[in-house]
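Numbers here are sequence positions counted from 1.
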Amino acid sequence: MKNLSIQFLGQCGFIITTPEVKVAIDPVLSDLIDNGQSIRNYPPVMEPETLQADYILCTHNHIDHFAEETVIRALNSCPKTKVIIPAGCKSLLLEKGILVDRILLLRDFLTLSLTHFSITGISTAHPTHQLNKEGLDENLAYCLKFSDTTLIHLGDTYLTPRLEESLKKMGKISVFMPPINGMDEIKAAAGIIGNLSIDEAAGLCAKLKPEVAIPTHFDMVKGNTADPELFRKTLNSLDKNITVWVPSLLGKLDL
């Protein structure tokens, strides 16, 4: 890996930068809708207009992954930016006035070969692997390949045999980003769907053996947090050869 940097925006949000391209994944740089569940623990770390990304990737349509205000303001401030989303989320963007020529769609195992990198969709279970009524994917993980670096961002997902098999087909993984906030009775009572637990995320990393593991979904939303240092400790007990980066807000990892 070389000449690639990863910057943390909170929750599942990252900016991936190479000398040739800038990609933002699940950026949430605006207030969340106060629906009794998704209440921010801290303010946005930057204004959406500062993103200036070539591509904005949203893994699914929940407000802590597809932040409507963030995406619209980022698009309005940067004419070159395009949005990559699961095909089942297209109508949501069109309803918000986002033009078709600024939207790229992905499905399970569909690969888009773009200038300077490629991106493949991977079906995720949120809470199950399913399609919408039009037969289109609404929830995806993304596999990004930049020359000698393969990065997988899981978005939100439970652990399923199908997911494991799909991830194994992606080949050698340089950087792996699993959610770690898990699921419990308190989350269920609040209507939260949940994700991989710390043990599940660490176990999956130990099977896939990425060079670097980065926990996600542990800090932004009240009542839906987890301990990333426990993830580090758990993974280290399974495989000490995997580097764990626990990101701080606006922290940057250079590879």
Co-membership, hydrophobic cluster, residues [X] and [Y], 4.5 Å side-chain:
X	Y	answer
L204	M183	no
L51	L249	yes
W245	I198	yes
V45	I56	yes
M220	L154	no

Within the side chain of [X], is there an N or O that forms a donor-acceptor pair under 3.5 Å with the backbone of [Y]?
X	Y	value
T128	A125	no
N195	T157	yes
E164	P161	no
Y55	L104	no
D137	R107	no
R232	V244	yes
T81	A53	yes
T150	I173	no
N41	D219	yes
T59	A141	no

Practice task
State which residue, out of V212, I214, I25, fulfils the side chain to side chain contact (heavy atoms under 4.5 Å, CB included) condition with I6.
Solution key: I214
Taking all non-hydrogen atoms of both residues, which atom of [X] and which atom of [Y] are closest, and how far apart?
X	Y	value
G155	P179	O-CG, 3.4 Å
R102	P79	NH2-O, 3.2 Å
P178	L196	CB-CD1, 4.0 Å
F218	P247	CZ-O, 3.8 Å
K169	F109	CD-CZ, 3.8 Å
F176	C205	CD2-SG, 3.5 Å

Value rounded to 0.5 Å, distance of [atom1] in [X] from [atom2] in [Y]:
X	Y	atom1	atom2	value
L4	L151	CG	CG	7.0 Å
S147	F117	OG	CZ	12.0 Å
L163	S123	CG	OG	8.0 Å
K90	N61	NZ	CG	16.0 Å
S118	K145	OG	NZ	6.5 Å
E68	I72	CD	CD1	4.5 Å

Practice task
For salt bridge (charged side-chain N to carboxylate O under 4.0 Å, His left out), just list the numbers for R73 and E69, CA-CA rounded to whole Å, side-chain angles, deciding distance to a tenth of an Å, and then say yes or no.
Solution key: CA-CA 6 Å; R73 286 172 58 184; E69 181 184 344; 2.8 Å; yes
Handout entry: side-chain hydrogen bond (donor to acceptor under 3.5 Å, both in side chains) assessment of H129 paired with T124
Key = CA-CA 6 Å; H129 296 276; T124 50; over 6 Å; no
Exercise for the section: Determine the interplanar angle of the H60 and H126 rings, folded into 0 to 90°, and report it as parallel if under 30°, tilted if 30 to 60°, perpendicular if over 60°. Expected result: perpendicular
Practice task
Determine the interplanar angle of the F14 and F8 rings, folded into 0 to 90°, and report it as parallel if under 30°, tilted if 30 to 60°, perpendicular if over 60°.
Solution key: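 Plane angle between 30° and 60°, so tilted.
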Side-chain contact test, heavy atoms from C-beta onward, threshold under 4.5 Å: evaluate it for [X] versus [Y] and give yes or no.
X	Y	result
T216	N181	no
L106	Y142	yes
P86	L105	no
V23	I15	no
V100	L93	no
S174	F146	no
V83	L75	yes
P215	V246	yes

Handout entry: R40 bridged to D31 by N-O distance under 4.0 Å
Key = no
Handout entry: Lys/Arg-Asp/Glu bridge criterion (N-O < 4.0 Å) met for R162, E165
Key =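 Judged by the 4.0 Å cut-off on N to carboxylate O distance, R162 and E165 do not form a salt bridge.
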Practice task
Go through the side-chain N and O atoms of D156 and H62 and say whether any donor and acceptor fall under 3.5 Å apart.
Solution key: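 No, no side-chain donor-acceptor contact under 3.5 Å.
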Problem - side-chain contact (heavy atoms from CB on, under 4.5 Å) assessment of T17 paired with Q7 - result: CA-CA 8 Å; T17 306; Q7 186 174 31; over 6 Å; no
Handout entry: Ring centroid separation H153 to H65 under 6.0 Å
Key = no
Exercise for the section: Answer yes or no for K96 and F66: cation-pi contact, defined as NZ/CZ to six-membered ring centre under 6.0 Å and angle to ring axis within 45°. Expected result: no
For atom [atom1] of [X], is the number of surrounding heavy atoms from other residues, nucleotides or ligands below 6.0 Å larger than 12?
X	atom1	answer
K82	NZ	yes
K172	NZ	yes
K209	NZ	yes

Exercise for the section: List the steps and the verdict of side-chain contact (heavy atoms from CB on, under 4.5 Å) for E138 and L131. Expected result: CA-CA 7 Å; E138 291 185 312; L131 304 175; over 6 Å; no
Exercise for the section: Show your reasoning for whether side-chain contact (heavy atoms from CB on, under 4.5 Å) applies to D54 and V21. Expected result: CA-CA 6 Å; D54 296 286; V21 67; 3.6 Å; yes
Practice task
Before giving the answer on side-chain contact (heavy atoms from CB on, under 4.5 Å), spell out for C58 and V71 the whole-Å C-alpha distance, their side-chain angles and the decisive distance to 0.1 Å.
Solution key: CA-CA 9 Å; C58 297; V71 172; 4.0 Å; yes
